[in-house]
Amino acid sequence: MKLLHSGKVRDVYLDGDDLVLVASDRLSIYDVVLPTAVPDKGALLTQLSLWWFEQLTDLVPHHVISATDVPAEFAGRAVRCRRLEMLPVECIARGYLAGLGLREYQAHGSVSGVELPPGLVEGSKLPSPIFTPTTKAPVGEHDEFMSFGEVEALIGAGRAAQVRDLTLAVYARGAEKAAAQGLLLADTKLEFGLDPSGTVVLADEVLTSDSSRYWPADRWAPGGPQFSFDKQFVRDWSAGLDWDRTPPGPEVPAEVVEATRARYIEVYERLTAQEWRSSP
Ligand code: ATP
Ligand code: MG
């Protein structure tokens, strides 16, 4: 296999016509990879993503070919998939206000050109879920919000409407299944690609705790940061440091690593209703 690309967290290999996406145990916050790994994180996110792809097959075709036909050294944390022509848009759906969406709202009263009512606070539920696409920034740069018109100009009006509708449909399905397990799906990021026939296919990872914000519904309290099943815990820990969010990132103490791992496991177990067993 040929290494095509090494992302902050995942490595992408080319194997014949296929791609093999390999998730590592690396953790990134504010686009900086931290020097400390979270054991099992790559496998947890890979297995959660595979589970979700299966829950969505009636909504959208996906890129997965096999979760097992991968090199032994990557077993459990790699996915063989169809190589697609990726659309240059990060397709984000938001049902609640958090993260960059919150900051954009505070600055402009809208996100990706979608006007929102005044008076919303951190963690607020939006009147209805919104599509807030961003650019896919090259390594080292940050993604920027795009208006729907900008997406239309980039990929065509028909495709733009299609990926918006698919993004909101996947969000709705994700939010519904999460709610059944007592979780709120605050937001999620999807990527789509085109297969050789021009069909839009769901790619990358889907509804993982790296690409999504999950909150326990019973602790939801708008007006401040929410208890979160993702790396928000590490972000909050890092806020107490004298670190300017540029590389190199700080070493993460063992108890923060363990608490973060426990959160990834909890979200996996609650969503899939399966006990997590780390691979031997
Ligand atoms: P980041 O945190 O910056 O997103 P990452 O560790 O998640 O990094 P990426 O850099 O996103 O890794 O690497 C995954 C790459 O694989 C992305 O560029 C994504 O668009 C691409 N990709 C995912 N699925 C496919 C596919 N089926 N065909 C082609 N490219 C794909
Ligand atoms: Mg990515």
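Keep in mind that this is a model prediction, so the values were computed, not measured. Computation of the quantities below employed the complete heavy-atom set of this structure, encompassing side-chain atoms and omitting hydrogens, waters and symmetry-equivalent molecules. Atoms within a ligand are numbered from 1 in the order they appear, just like the ligands themselves.
- For atom 29 (C) of ligand 1, the nearest protein heavy atom (residue, atom name, distance) is Leu19 CD1, 3.3 Å.
- If you check each of Asp18, Leu194, Asp204 against atom 22 (N) of ligand 1, the one with the closest non-hydrogen atom is Asp204.
- Listed by number with element, the atoms of ligand 1 under 4.0 Å from a non-hydrogen atom of Lys8 are 1 (P), 2 (O), 3 (O), 5 (P), 6 (O), 8 (O).
- Nearest approach of Tyr171 to Ala186, heavy atoms of both residues: OH-O, 3.9 Å.
- Counting the atoms of ligand 1 from 1 in the order shown, those under 4.0 Å from a heavy atom of Val9 are 5 (P), 6 (O).
- Checked by atom type, the side-chain pair Thr132/Arg94 shows a donor-acceptor distance below 3.5 Å.
- Aromatic ring centres of Tyr96 and Trp220: separated by under 6.0 Å.
- Side-chain contact, Asp210 with Thr208: no donor N or O sits under 3.5 Å from an acceptor N or O.
- Counting atoms of ligand 1 from 1 in the listed order, those under 4.0 Å from a heavy atom of Ala203 are 24 (N), 27 (N).
- Proximity of Lys136 to ligand 1 is established by a heavy-atom distance of less than 4.0 Å.
- Within the 4.0 Å cut-off (strictly below), a protein heavy atom is located near atom 9 (P) of ligand 1.
- A donor-acceptor contact shorter than 3.5 Å links the side chain of Thr272 to the backbone of Tyr268.
- Close contacts between ligand 1 and Val12 involve ligand atoms 13 (O), 14 (C), 15 (C), 16 (O) [criterion: under 4.0 Å to a heavy atom].
- Taking distance alone, with nitrogen or oxygen atoms compared against 3.5 Å, Arg82 approaches ligand 1 more closely than that limit.
- Of all protein heavy atoms, the one closest to atom 31 (C) of ligand 1 is Met86 SD, 3.6 Å.
- With ligand atoms numbered from 1 in the order given, ligand 1 contributes 28 (N) to contacts under 4.0 Å with heavy atoms of Arg83.
- The nearest heavy-atom contact from the protein to atom 11 (O) of ligand 1 is Arg10 NH2, 3.4 Å.
- Remark: the Gln232 side chain and the Arg235 side chain contain an N/O donor-acceptor pair separated by less than 3.5 Å.
- Ion pairing of Lys41 with Asp25 is absent here, as no side-chain N (NZ or NE/NH1/NH2) approaches a carboxylate O to less than 4.0 Å.
- For the pair Arg164 and Phe148, the cation-pi test (distance below 6.0 Å, angle within 45°) is passed.
- With distances taken over non-hydrogen atoms, the option nearest atom 12 (O) of ligand 1 out of Ser211, Gly7, Ala23, Pro88 is Gly7.
- With hydrogens left out, the protein atom closest to atom 20 (O) of ligand 1 is Glu191 OE1, 2.5 Å, a heavy atom.
- Under a 4.0 Å criterion applied to the non-hydrogen atoms of His5, ligand 1 contributes the atoms 9 (P), 10 (O), 13 (O).
- Tyr214 places a side-chain N or O within donor-acceptor distance of the main-chain N or O of Leu207, the cut-off being under 3.5 Å.
- Taking only nitrogen or oxygen atoms, main chain and side chain alike, Leu84 reaches within less than 3.5 Å of ligand 1.
- The main-chain N or O of Gly198 is found under 3.5 Å from a side-chain atom of Asp195 such that the two form a donor-acceptor pair.
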